[in-house]
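The structure appears right after this line, and notes come after that.
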Amino acid sequence: MTAKAEQNLSELIRQKSADLGFSICGIARVRHLAEAEAALNKWTASGMHDRMNYLTRDPAGRADPEKVFPGAKSIIVTGLNYYTEKRQRHDDVPLLSVYALGKDYHGIITGKLEELLEYIKTLVPEAEGKAFCDDAPVLEKPWAVEAGLGWRGKHSVVINESIGSFFFIGELLLNIALDYNKPLVNDKCGNCSLCIDSCPTGAINTDRTIDARRCIANLTIGNRGPIPEEIIPLMGRRVYSCDTCQEVCPWNRDAKQHEVQEFIISDELAEMTREEWLTLDNDRFNRLFRGTPVERVKYERFKRNIEAVSKNLPSD
Ligand code: SF4
Ligand code: SF4
């Protein structure tokens, strides 16, 4: 394919990704992300990955898309906005992270990426690809940066100049060459340190890494053990993940409402009272959270979280 043809094809792909509802899209040449592998190794060697031991297995493989999709030449990286103001109604109840208010995003994103792949095949019949969203050893944040979607903020989340940081990342690996976006060279955090200063548990290091042993996102989800006693008073009402470092970020000041019907909070969840939260049983948990990100932690771990934050709820 000529450079001009690759350029046209990339433009059609970016347009189709917007038609499918993705908020942003970038394309990068596949390579071994040696610098991301080194950063991952340094972080896990420090012990800050907590009990996420899967991150220590095959770091070289994680940094090399060839290992998960042999013949990969290009990676399309998409972002899907999930920001919303439609949240839980009561302010004395355990608080869910914004991304966990609606249905699970994994299937929605891989479904859209598979549609994108089908479209690409109509243009290039020999094209083959594989879609991922959080479910494979692909280093999604470094790839989002590589594809020009944004930069890693001091809180380590990727920030896009237009839509901020409340977006899910998806990837489509392809066996064809395309025209590529350029990574942003400039860090746009500047002198700001609002996320570091606002983190309730002091989990954000000054080198753009997170100490997962202190981060509420990890401690309420991936962590299967007890929540450390010294962290509980710092959690406030945060029962499932935490949005604080993103909420305070100036780049999210103009975050727009998402347009994904499935992400909208159900009336039942929005209206749940403190009493209902504190007496949540297994059956209601299953009914409320089936098919949502919260389902992942199962009832026992979620109950552990509710019990932890119940100590911090405002008194009657
Ligand atoms: S998610 Fe919450 S606890 Fe984790 S780094 Fe951000 S502000 Fe801190
Ligand atoms: S709050 Fe400030 S330092 Fe933190 S990610 Fe946003 S701009 Fe960067």
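Each ligand, and each atom within it, is numbered from 1 in the order the structure gives.
Closest protein heavy atom to atom 3 (S) of ligand 1: Ile216 N, 3.3 Å. Nearest non-hydrogen protein atom to atom 6 (Fe) of ligand 1 is Cys245 SG, 2.4 Å. The nearest heavy-atom contact from the protein to atom 8 (Fe) of ligand 1 is Cys199 SG, 2.3 Å. For atom 7 (S) of ligand 2, the nearest protein heavy atom (residue, atom name, distance) is Trp251 CD1, 3.6 Å. Of the protein's non-hydrogen atoms, Cys242 SG, 2.3 Å is the one closest to atom 2 (Fe) of ligand 1. With respect to atom 5 (S) of ligand 1, the closest heavy atom belonging to the protein is Ile204 CG1, 3.6 Å.
Val239 and Met235 fall within a single hydrophobic cluster, where Ile, Leu, Val, Met, Phe, Trp and Tyr are joined by side-chain heavy atoms under 4.5 Å apart, directly or via other members. There is a path of hydrophobic side-chain contacts, each under 4.5 Å, that joins Tyr180 to Val124.
Judged by distance alone, the side chain of Lys112 and the main-chain N or O of Leu20 form a donor-acceptor pair under 3.5 Å. In terms of modelled atom types and a separation under 3.5 Å, the side chain of Gln88 and the main chain of Pro94 share a donor-acceptor contact. Checked by atom type and distance alone, the side chain of Lys141 never pairs as donor or acceptor with a backbone atom of Leu139 at under 3.5 Å. Counting only distance, with no hydrogens or angles, the side chain of Asn160 and the backbone of Ile163 share a donor-acceptor pair below 3.5 Å.
Contacts with ligand 2 closer than 4.0 Å are made by no heavy atom of Val157, backbone or side chain.
Among Thr244, Asn312, Thr220, the single residue meeting the side chain to side chain donor-acceptor pair (under 3.5 Å) criterion with Arg238 is Thr244.
When distances to atom 6 (Fe) of ligand 2 are checked against a cut-off of 2.8 Å, Cys195 contributes no N, O or S atom below that limit.
Here the two rings, on Phe302 and Phe285, have centers that are under 6.0 Å apart. Outside the 6.0 Å centre-distance limit, the rings of Tyr82 and Phe263 are not counted as a close aromatic pair.
Ligand-side atoms of ligand 2 in range of Cys192: 1 (S), 2 (Fe), 3 (S), 7 (S), range being under 4.0 angstrom from any heavy atom. The distance from ligand 1 to the heavy atoms of Cys215 drops below 4.0 Å at these ligand atoms: 1 (S), 3 (S), 4 (Fe), 5 (S). Close approach of ligand 2 to His155 (heavy-atom distance below 4.0 Å) involves ligand atoms 5 (S). Every atom of ligand 1 is numbered from 1 in the order shown, and the set under 4.0 Å from a heavy atom of Thr201 is 3 (S). Below 4.0 Å from some heavy atom of Ile159 lie the following atoms of ligand 2, by number and element: 5 (S).
The shell of residues lying under 4.0 angstrom from ligand 2, judged by heavy atoms, excludes Asn252.
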